[in-house]
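Working notes, structure below.
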Amino acid sequence: MLDAESFAALLTDCYQRCWLVAAAVTGDRVEADDIVQEASIIALRKLGDFTTGTNFSAWISQIVRLTALNHLKKTARHNTVVTDPQAIDQAETAARNDAKSAAAPVSAIGGLAEHQTDFDDEVLRALEGISDTARACLLLRVVHQLSYADIAQTLGIPEGTAMSHVHRAKHAIREQLKGGQHAVQSNDR
């Protein structure tokens with residue numbers, strides 16, 4: 001059985017992959033750290049379920065994926081709709097102001113992050129336009145350069161499905177970046 005110290009070392013080695021899975025599933029880079037932390041606590045409690053000699057990264061990534069999916073469900077349940085007419089008017093005004101400032105090359109305080117460009121925003125929007133599983137497959141392939149077999153094992157899907165998701169995700173993103181209207185968004189969450 002894996003001890004807590006070995007668990008910590010293995011988690012450290014695959015943390016980026018876990019974070020990427022969480023961010024890909026939720027589409028929320030800010031929440032990804034919290035999701036990985038929550039999944040780590042769950043995994044630590046389930047150390048007895050881990051079979052020594054198997055792929056720890058795939059095992060923990062699957063827990064991260066399921067934790068992220070649960071996070072999406074909780075978030076969807078807690079989202080409420082404002083029905084107060086005054087609040088709706090204020091939200092519309094805020095949205096119009098946001099749209100005006102989004103078109104500006106600098107923020108209201110004159111700052112622009114060095115690493116953030118229009119291209120990055122377009123890519124992020126395109127990534128948000130594909131399903132969570134397709135996004136996870138694509139990011140694991142492109143960012144972590146995993147084989148399709150590793151992606152399949154990490155996400156608990158067939159290898160052919162991983163290949164298909166990567167291919168369709170690349171096509172959908174190309175279409176969105178070209179301004180095409182043919183990008184397909186599937187709902188396999």
Original post:
Does Glu128 come within less than 4.0 Å of Arg125, counting only side-chain N to carboxylate O?
Top reply: no
Original post:
When rounded to the nearest 0.5 angstrom, what distance separates CH2 in Trp19 from OG in Ser61?
Top reply: 13.5 Å
Original post:
What residue pairs, at least two apart or across chains, pass side chain to side chain donor-acceptor pair (under 3.5 Å) with a residue in residues 3-13?
Top reply: Asp3-Ser6
Original post:
Which atoms form the tightest heavy-atom contact between Arg135 and Gly27, and what is the distance?
Top reply: NH2-N, 3.9 Å
Which donor-acceptor pairs under 3.5 Å do the side chains of residues 152-161 make with protein atoms, sequence neighbours left out?
unit_1, atom_1, unit_2, atom_2, d
Gln153, OE1, Asn55, ND2, 3.1
Thr154, OG1, Arg17, NH1, 3.3
Thr154, OG1, Asp150, O, 2.7

Original post:
How many angstroms lie between atom CD of Glu175 and atom NZ of Lys178, to the nearest 0.5 angstrom?
Top reply: 4.5 Å
**OP:** Please name the pair of heavy atoms, one in Val64 and one in Cys18, separated by the smallest distance, quoted to 0.1 Å.
**Re:** CG1-O, 3.4 Å
Subject >> Spatial distance of atom CG (Asp132) from atom OG1 (Thr26) [nearest 0.5 Å] >> reply: 9.0 Å
Original post:
Can you name the side-chain hydrogen bond (donor to acceptor under 3.5 Å, both in side chains) partners of Ser164, sequence neighbours left out?
Top reply: Arg168
**OP:** Locate the shortest heavy-atom distance separating Leu20 from Leu139; write the atom from each residue and the value.
**Re:** CD2-O, 3.4 Å
Original post:
With a 4.5 Å heavy-atom cut-off, do Trp59 and Thr54 have their side chains touching?
Top reply: no
Output side-chain donor-acceptor pairs under 3.5 Å for residues 30-51, partner residues at least two apart or in another chain, one line each.
unit_1, atom_1, unit_2, atom_2, d
Asp33, OD1, Tyr15, OH, 2.4
Ser40, OG, Val36, O, 2.7

Original post:
Between Ala134 and Ala169, what is the shortest heavy-atom contact and its length?
Top reply: O-CB, 4.0 Å
Subject >> Spatial distance of atom NE2 (His167) from atom CZ (Arg141) [nearest 0.5 Å] >> reply: 13.5 Å
Subject >> N/O donor-acceptor pair under 3.5 Å between Arg29 side chain and Ala23 backbone >> reply: no
**OP:** Could I get the full list of side-chain contact (heavy atoms from CB on, under 4.5 Å) partners for Val142, not counting sequence neighbours?
**Re:** Leu138
**OP:** Step by step, work out the side chain to side chain contact (heavy atoms under 4.5 Å, CB included) result for Ile151 and His144.
**Re:** CA-CA 10 Å; Ile151 294 169; His144 278 283; over 6 Å; no
Original post:
Which distance, rounded to the nearest 0.5 Å, do you find between the NE2 of His171 and the CD of Gln176?
Top reply: 10.5 Å
Subject >> Pair listing, ring pair (Phe, Tyr, Trp, His ring centres under 6.0 Å) test, anchored in residues 122-143, at least two apart >> reply: none
Original post:
With a 4.5 Å heavy-atom cut-off, do Thr67 and Val25 have their side chains touching?
Top reply: no
